[in-house]
Each structure stands twice: as structure tokens, then as C-alpha cells.
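Proteins come first, then strands; the chains are lettered A, B, ... in the order of their sequence lines, and each starts at number 1.
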Amino acid sequence: MPAYSKALTRNVFFQKNFKMSKYHFNEIEAKWQKYWAENQTFKAASPDPSKGGENLKPKYYVLDMFPYPSGAGLHVGHPLGYIASDVYARFKRHQGFNVLHPMGYDSFGLPAEQYAIQTGQHPAETTKVNIEGGVDNRGEEIQGYRKQLDKIGFSFDWSREVRTSNPEYYKWTQWIFIQLFESWYCKHANKAFHISELIDVFESEGNDNVEAICDDNVEVFTAQQWRDFSETKKQEILLKYRLTYLAETEVNWCPQLGTVLANDEIVNGVSERGGYPVVRKKMKQWSMRITAYAQRLLDGLDTIDWPQPLKDSQTNWIGRSKGATVKFRIQNSEFRIPVFTTRPDTIFGVSFMVLAPEHELVSQITTEEQKEAVEKYVEATAKRSERERMADVKTITGVFTGAYAEHPFSGEAIPIWIGDYVLAGYGTGAVMSVPCGDQRDYEFAKHFNLPIPNIFKGADISEEAYSDKENTIITNSDFLNDLNYAEATEKIIAALEEKGVGEGKINYRLRDAVFSRQRYWGEPFPIYYKDGMPHAIPTECLPLRLPEVEKYLPTEEGEPPLGRADVWAWDTEKSTVVSNDLIDNKTVFPLELNTMPGWAGSSWYFFRFMEAAKRDEVFASKEGLDYWQNVDLYIGGSEHATGHLLYSRFWVKFMHDRGLVPVEEPFKKLINQGMILGESAFVYKAIPTLLSPTKGIQDLSFLKTQIFASACFVKNEQFCETCNEQHKLAADFINNELEQLNLVDEVPYIIEFRFFPIHVDIELVNLSNHLNVEKFKKWRPEYNNAQFISEYGGIVKVIREVEKMSKSKYNVVNPDDICNQYGADTLRMYEMFLGPLEQAKPWSTAGISGVHGFLKKLWKLYHSGENENFYVSEEAASKEALKTLHKTIKKVAEDIENFSFNTSVSSFMIAVNELTAQKCNSRKVLEPFIILISPYAPHIAEELWAKLGHSYSISKAPFPKFEEKFLVESTKEYPISFNGKMRFTLELPLDFSKDEIESAVMAHEKTAHYLEGRTPKKVIIVPGKIVNIVG
RNA sequence: GCUCGAGUGGCGGAAUUGGUAGACGCGCUGGAUUCAAAAUCCAGUUCUUUCGGGAGUGUGGGUUCGAUUCCCACCUCGAGUACCA
């Protein structure tokens, strides 16, 4: 084609495409996003204390679990929940609510710190770039979360943004920490109080009558003794009562990395990063006394509307079990070993005891003869990680300590063993073993040849333990004989209490939460140390800012990174942070070196959003807290089930106890959005082997030749039987290289191939699964000379598999690209259209065209004028159009309330198809209709709304009112079934009686046909629904 | 192992209290328009069939005039949790 012709074509093409009436989503979306930002359209109104808060509409608080701003940016899976909550927030605005719909960032955390260690860049800087965009120090351009979010058209109130790593925010995280530090939990009142109230009690009557949740080793003292205690001693005692306290805790310590590792950071007993050994070690750590709230956290679940699986996992995590503690005396010793059991009724079946290897009494009760074996065992188990121990349930190990306990009722001697099936962290770290009733005890007894006395009437315990509770009758058990489980349990608990050797007890699996991290990028504790005791810095001095350090690694002495700070001491006189050189332990003291964990900042952020104005003076103002209360709708992933969602509930209950907030639960309704999965692409890579009579089998994977085959040639990791030609071609590639290397034998040999699927970037694959061979060669240097076994036309097909979306799997779809190509409205609608919100579903870019086409059709519906110009008529709407409109209003309103967003997208499509077919152009229909769509596709809705002549945002328009009268029908298309099978339909007036219907149906020619001469036994008629003829 | 959830066309999924199974969309097939392509529009699309019909919502049974929906047993997949005494 000559050059001028090409130019001409392009010009014509250009004009055609830029007709005024076309749906230019990029322009429209940019325009309205700018409008919303400039007009602060979605700013939530705050209560005005001078007007008593009555100036406001009813409130509605919609919140998303805030993101950690990673450098990788968003993929299409991330916004799913945000879109759903945005649709809901916009819908609630249309319904006349004052909606709070904020967004922020959980910006403290490990990835930023790891990146800082690698690059030396301050985590605050990388975090800022990740949020606001910019260029990182590798020269890579980063879009930034904010720009990515803005592009999708969310109705967030950005004036209330929070970032947990901002000092103005973590000031209040530290403040709440101090409140916890200065609180204790009264069992009697079942709530937390200020520590000063406890001190008052100590001063007037000592601690004998204090019922508190505290450490279990608290000594009893009188008021006089308390007053005589030194200041340090007093602090030591108070620490045992504080809701956040320092304690020796078993942790996974990695000496080479110089830090504590979480269980999931350890693989096979070595650190996931670097493969260094991990030992379990006791370390002094900050802990949160969340166990004080175990029962209330359980009870509260009944008051909130959360998915059942989520409630279940919290219930399991808290792990309430009812039973008894029994103290066993140790023979020839003063020691008593308490155990917890859920089956005190089986106490006469005890034939041995087992302690956790870490149990504190192990070293003290072990006899001389057993000492060596016990020590060896304890050391061996300490080397194994918690996870390793858990994973290896099959192997039964243990050692006899040589000591004996005494049965509290029979007085019999009970051998005491140690074994790692008993966990130090649960109950008392010791069990009374009843092998006839507990499978683990049974197996332990079998393995070590210990006796298995049977205390169950008629139970067969020759093969396994009898653990049934319901049908149990106790026998061989002294005064418990012939009782069932419930009776025996009641009787034995009474007997234990009477004898003073035990009591009924409710035990929780939930542990106090370790709150210290040996990390830099977290909130510093507002704590300094005086005589080894922690003291809080005055709250008016907050925030205690993170100090500068020259490296983000632990110190050579193994202290956390804050140990590298030179200016990290607290001057109590000047109330300020000063240089470490000035530490004199009189007025200047060292500050805490640990930082808080990730969940600190996220446990209260939902209250921060309630405050817009006085953020320096209060964590949230009383008016704000009273007006907004708690989150009405919270949307996020289920992975936070036992972390964030449990800790937040704990903090809120605590804050409620102390009168800081009016509510006891943070999130009234919660929805877990399902994951959007990626469609990974794999290409088959051939690994050659040589078979020769002289050398046998020889691996050829060292060769440089890289061969990839189209998926159709591969079956069961090999060339399929019919692919001789392809096999020969591949073998030739290998032979070429062998010849060049002079490795070719004289003897005949065969080259075989095995295929392995390897990930390829989905960018290199089109929608028909064809690999772009040229781009693939450039993708990796080692593929530059890749050879392909391709189909006709050079096609190399990949296979697809649904996997989690992640950078390492090269299957990430970026929402920015979708917005550029199809628009944010299409992205929003498509994500909602994919399927139910809670379900996991694969992303398929191919399917997006349907939704995009729908929006084009919608646009066309409003552009039915000449030259496809905008046109609506002021004439009355047709009956059909009104019916379509009102049926859609009804459906969409119900769908949104049920969070069934996918079905409302379908009903929009149906409505547009119907209105288009009806050639509807009436304002009476098209104006309310666009309001229905606006929560889903707000940009196109604003544009059409403006074209309809409105000068205010569509988000302020009231939701259309559903009117039943437009749906009333006079006839019904009755389905006529024979024996439950629908055969044909028959249109009949709705006011027909049963008899009239029956005679009409029986008179119909098709009825006779389907009856085939039989006489109907029965005719079921449900007026307005169905006719079923039986016979 | 335990707890929870889910099984419906080639694919994502719909069917709100038991009442026309497969809405809507993708894909596919055919057609219109076009020099051609894109875009758009129209028709068809669960399987099977001797074109009458027959079968059909993981499997087997049950309740019912009627079951994707309710009950029982089982199978498969997914998620969480894991020696919790």
C-alpha cells in the first residue's frame, strides 16, 4: 500500500473513532475522578458538638481491611473487596446515610525492613514511595498505592487517611500501650481497671482478697508488707498484674540472625531465610494478657454478624475446655505437680504421668540414675523446633525420670515420665495419663510397656483407647463405680475440692500474646528501665519517635536494631530523649530496644478514622466515637481470622472497660472476600537423556541447548506416541551440540526427553494460549537460543493452571492495565460479575469483553439521537419500560443488601437488553436507571447524569423507589408438568380459579398427547405458580 | 485426624420460602455488514436421539404431586487447624 493511502486510512479511522457520542471511558473517568477530589464529594460529615450531633443524617461506617503498601503494588485481586465495599458505601449514600468510608495503610512491617537491610534505604522512604509513587533506588518506577486506588474510582474520604508508621498516628498506639501497662484485670468485676486502684487495695489490705488475672507465682502480702516493700519490689509485683507485662517466654531464637522467628519463618528446624539453626529459648518479652478476655471474646461472637467459619476458627483458637486441675504429690519430695484434665472422672485409670520436657520440675525430680538420659532427651527436644515437633506426631519418644507421684485417692505410686507429646504451653505442661481412655496415652503406654488398667465397664481396649463420653460407665474406680460420665465428673470434682487436691477448672488454649519484636520498623515502646523495672514515659511526651540507626541489623551483641541508636535514653527530668552517654541510672535511663509487632497499629485504627480535626489532642473525639460507634460493614480476607480480628476485639474490649470507647465490638458485620486467582501459563521444557549400550543412561541437562515443545506434543511428561517427527527434530538439536562438543559415540544411541512445565510470564501469551516465541527468547538470557518444537504455523501452545496470583508465578494482572484498556467502570463491574464475593475464583482477562460491551450498550441507550448523539425524551415511558425499571430496582436493592453483587450486574445487562429492544428513551426510566448503576459504574453514571442536565453529583441523588404497581400482571405463563416434568407452557389469566385452570389445561391438545390415553390420577394446581398432572 | 465450606454445560456462574434447571456473560458455530479487518448486529449452543422422545445439578438411597433446594449414607475438591490432656 502506498504511503499516502496508509495515512488516509489512519485519518478516516481516527475520525470514525472520535465521534462525539462514543464512549470515551478514559476521558470520562479522569474527569470525574478530578471532580470528586476537587469537590471532596465523599467527605463524611462530622458531628458538631455545638449542635449536639443532631445536624447529621444516620451514620453508616464501611471499612476495608487496610493494606500493607508493598513495592509490588496492586494486582486485580486486591481491589475486589474494596470494590464491593465501595458499591455498598455508594448505595448507602443514595439511601440517605452519612457514610464513613475511609482508607489508610498498615505501613509498619517486615518487607520494608528487609528491603532497608538490603539497600540501606530508610524504610520510611521506601514506604512513602510505595504509597505515593516515585522511583526507588534501583531506578524502578513505582506507581504507588494511592494512584492505583484513585484510578479505580473509589469513594474514599481521603481527608481521614491514616498511616500506622506516622508519628502522629503511633503516638496514640503508644498511648494505648501505656493504658494497658497501667491497667489490671479484676476477675470479680470481670473488667479492667486502672492500676492505681489496685495499689489502693494493696495499701489498705494487701493482696489476699484481690481476684485478678495475673501471673501464677504472685506471693501473698499484707498492707503493711506492701508499704515496706522497696520501689523496685513494688514495681516487680505490679508487673505481674499489668495487662501488658514483661515475662520470660519460650521463643524460636535464631542466633545467626539475631532475632526471634515466628513459627512460619522456620522450615525443618532451620530459618527459612539463610537456613540457620533455630533453638527454643526463654527470652524476656512483652506480652499482652489477652487470656483475661478469653471468655468475653468467646461470648462476644454471639453478638456479631460474621461468617460462621471465621467465628469457628476464633472459637477453636480460644479453645475453651471444661475439666479440673488435680495436684499430684511427688513421693519423697515437697513438690506437687498440677495437671489439667477434661476427664477427671477417669482419675482411677491413671497409670503414669508425663511432663513436657521443658517443665520446670524436670531437673528437680529426676533421680541420679535417670539424670543422663533425661538431660540428653531434654537437650534433643530443645533443638527441634515447635513446628517440627508438631509435624512428627508418629514417633513416640519419652524418658522415665525415676520419680513417682502419689495417686490422690488410692495412694498408689505413679511413675513420672517426660515426653514431647506433652506441650509446655498448654494447661500446666503436665498430664495424668489414662491410657485406657486417651489414644495418645494409650500409644505411649504400649510403646514403653506401661500398664493399661481398664476403668470402663464393658469397653474393649485391646486395640485402642475408649474415648467415648456418652455411653461410659465407670468401674474399678472406688467411689465412682457404676456412674456415668456426668455423674462421675461432678462427684470427683467435689471430692478433689474437699480433699484440697484439685478443683473444677475451665482452661483456654489461648496464650498471652507475645508483643515484642527484635526489629527496627515498628512502634518503639514508650518504656524506660529503672533498676531493671519498666516505667512508662509520661503520655504528654508522646510520640516517642523511632531513633536513627546506621544499619537495620541486630547489634553484634545480639541486641535488636534499636541497640545501634546513640540517642536512645530517657531523661526523666527534662522529659526528653537524650544521648546514651548520659545514662546514669539516676535521672537518665536506657529505653526499651524492642519494637511492637505489626498488629499493634491495626488493632485500633478504625477509631482513628472517626477523628478528622483534633488528631493531635485525642486518638478520637468523644463526639466522633459516640456518633460513629463501630464499623457497620468490614470487608477483608479470611487470613486475619485469628490475628488482627482477635487482637482488635481484645483491644476494643479493654478500651471499653477503661471508658475510652462506647462499644465492645469493633466490627458489627464482616465479610470475607474470596481470593482472585491467576491463570498461570506453563511451557514444556525438554530435559534430554542419552541411552547408549556402552555408557548406559547419561544425563544431558548440562547442555546449553534449551528445547521447548508445544503442549499438544506432550503426554505424561513425554513425547506422545504419535510425535516421532517432533522427537527426531528435538534429538537433532541435541545431536548438533554433542557433535560440536565432540561427544558423539560411534555406537548407536538414543536420546530421550522428559518434559517439565515451567512458568512463563502471562504477558508472553495471548488469549488463545499461543506463546510469543520472540518475546520469550528475550525474556531470559538463557532462552536467547531456545529451540521450539512448534505446531503448524510456528505455534507453541502453553498450558494454563489456576494458582494464587503472585509475582513469582508470573501470572499477575495489573488493574492499571485493565483501567487503561477497558476503564475503571469495566474493571469494577467485571470484578463484581465474576462470582459471589466470598468465593475464590479465577481471573480471566478474556471474559472482560462482555462487561465492557455492556457499558457500551448502556452508553448507546442514552445516545439514540441523530448521529448517535445524546437523547432522552420527556414523554411518558411505556408500560414495558417501567416494568423493566422497577423489576431492576427491586432486584438490585435486594442484591446489594444480600451482598450478591454478581447477580445485580446480570440484571443490569438484562435491563439494558430489554430497554434497548423496547427503544426506550424516556427520561422517566433512564434517569432513575442510571442511579441504580452508579454504585457499580460511577464514572459513566456521573457523565450521563450530567448529560441529563444535573449540576450536582449523582452520588447525592436518592435511590429510586420501587413501586409494585408496575409489576402487576394479568396473565401467567403457566408451566404444565406431567409427573413433575415440565412439558409445555400455557398462558392463562391470573384471576382464574383452580377449576378454571384445570379445565383449560385438560382441554389443551398437548395434554392429551402427553397423557397418552391415561386418566390423570390427580391434578395439582398452585394458582400463580404451576400445574402438575399426575398419572 | 478434627472443624468449616463447596461440588450444576467447554468455562465463570444463575435459580431469594421445595414449583419452567442452565438466567447473564465468556467461548464456540452459522449469518449480516465490510475490499478486508476491527467494531457492531442477528440466530444457535446441557447431553443424547430412530426427531416421537429419553437422560440430566458429585454418587447411592429417602420424603414429596414435584427436590439443585429438605433428610440419611458415601465420594471428591478447597480452606483453616493440628499431639490442646
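Classification of B/G44 as anti follows from a glycosidic angle more than 90° from 0. With a glycosidic angle no more than 90° from 0, B/G9 adopts the syn conformation.
Ion pair A/Lys890/A/Glu894 flagged as a salt bridge, since at least one NZ, NE, NH1 or NH2 atom sits closer than 4.0 Å to an Asp/Glu carboxylate oxygen. With salt bridges taken as basic N to acidic carboxylate O contacts below 4.0 Å, none links A/Lys809 and A/Glu801.
For A/Ile396 and B/A85, the CD1 to P distance is 19 Å, given to the nearest whole Å. Residue A/Tyr822 contributes atom OH, which lies 12 Å from atom P of B/C26 at whole-angstrom precision. Taking atom CD of residue A/Gln439 and atom P of nucleotide B/A85, one finds them 15 Å apart after rounding to whole Å. Between the CG atom of A/Asn913 and the C1' atom of B/A23 there is a distance of 12 Å, given to the nearest Å.
Residues forming a side chain to side chain donor-acceptor pair (under 3.5 Å) with A/Tyr442 (at least two apart in sequence, or on another chain): A/Lys446. Remark: A/Lys797 engages no residue in a salt bridge (charged side-chain N to carboxylate O under 4.0 Å, His left out) (not counting sequence neighbours). Residues passing the side chain to side chain donor-acceptor pair (under 3.5 Å) test with A/Glu463: none are found, sequence neighbours excluded. Listed by chain and residue number, nothing satisfies the side chain to side chain donor-acceptor pair (under 3.5 Å) test with A/Thr341 (two or more places apart in sequence, or in another chain).
For B/G52, neither phosphate oxygen OP1 nor OP2 lies less than 4.0 angstrom from any side-chain nitrogen or oxygen of A/Tyr1010.
B/C2 sits 36 Å from B/G56 when the C1' atoms are compared, rounded to a whole Å. Going from the C1' atom of B/U16 to that of B/A21 covers 16 Å, rounded to whole Å. When the P atom is used for both B/A36 and B/U20, the distance is 47 Å, rounded to whole Å.
Note on A/Thr903: only backbone sugar-phosphate atoms sit closer than 4.0 angstrom, heavy atoms only; bases stay farther off. Residue A/His852 is out of contact with every strand shown, counting any heavy-atom pair closer than 4.0 Å. Using a 4.0 Å heavy-atom criterion, one finds that A/Ser433 contacts no nucleic acid atom at all. Among the protein residues, A/Thr342 comes within range of the sugar-phosphate backbone only, with heavy atoms under 4.0 Å from sugar or phosphate atoms but none that close to a base. Nucleic acid contact class of A/Asn902 (heavy atoms, under 4.0 Å, all strands): sugar-phosphate only.
The aromatic rings of A/Phe352 and A/Phe444 sit parallel, their planes meeting at an angle under 30°, below the 60° perpendicular limit.
Against RNA chain B, the stretch residues 831-843 of chain A makes heavy-atom approaches under 4.0 Å through A/Phe833, A/Leu834, A/Pro836, A/Gln839, A/Ala840, A/Lys841.
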- prompt: Run the ring-ring contact (aromatic ring centres under 6.0 Å, His included) check on A/His1004 and A/Phe984 step by step: do they pass?
  reply: CA-CA 11 Å; A/His1004 199 272; A/Phe984 63 94; 4.8 Å; yes
Table of protein N/O atoms under 3.5 Å from nucleotides 63-66 of chain B N/O atoms:
unit_1	atom_1	unit_2	atom_2	d
B/C65	O2'	A/Asn1028	ND2	3.1
B/C65	O2	A/Asn1028	ND2	2.8

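Not one N or O on the side chain of A/His644 forms a donor-acceptor pair closer than 3.5 Å with the backbone of A/His640.
Side-chain N/O atoms of A/Lys311 and base N/O atoms of B/U3 include no donor-acceptor pair closer than 3.5 Å.
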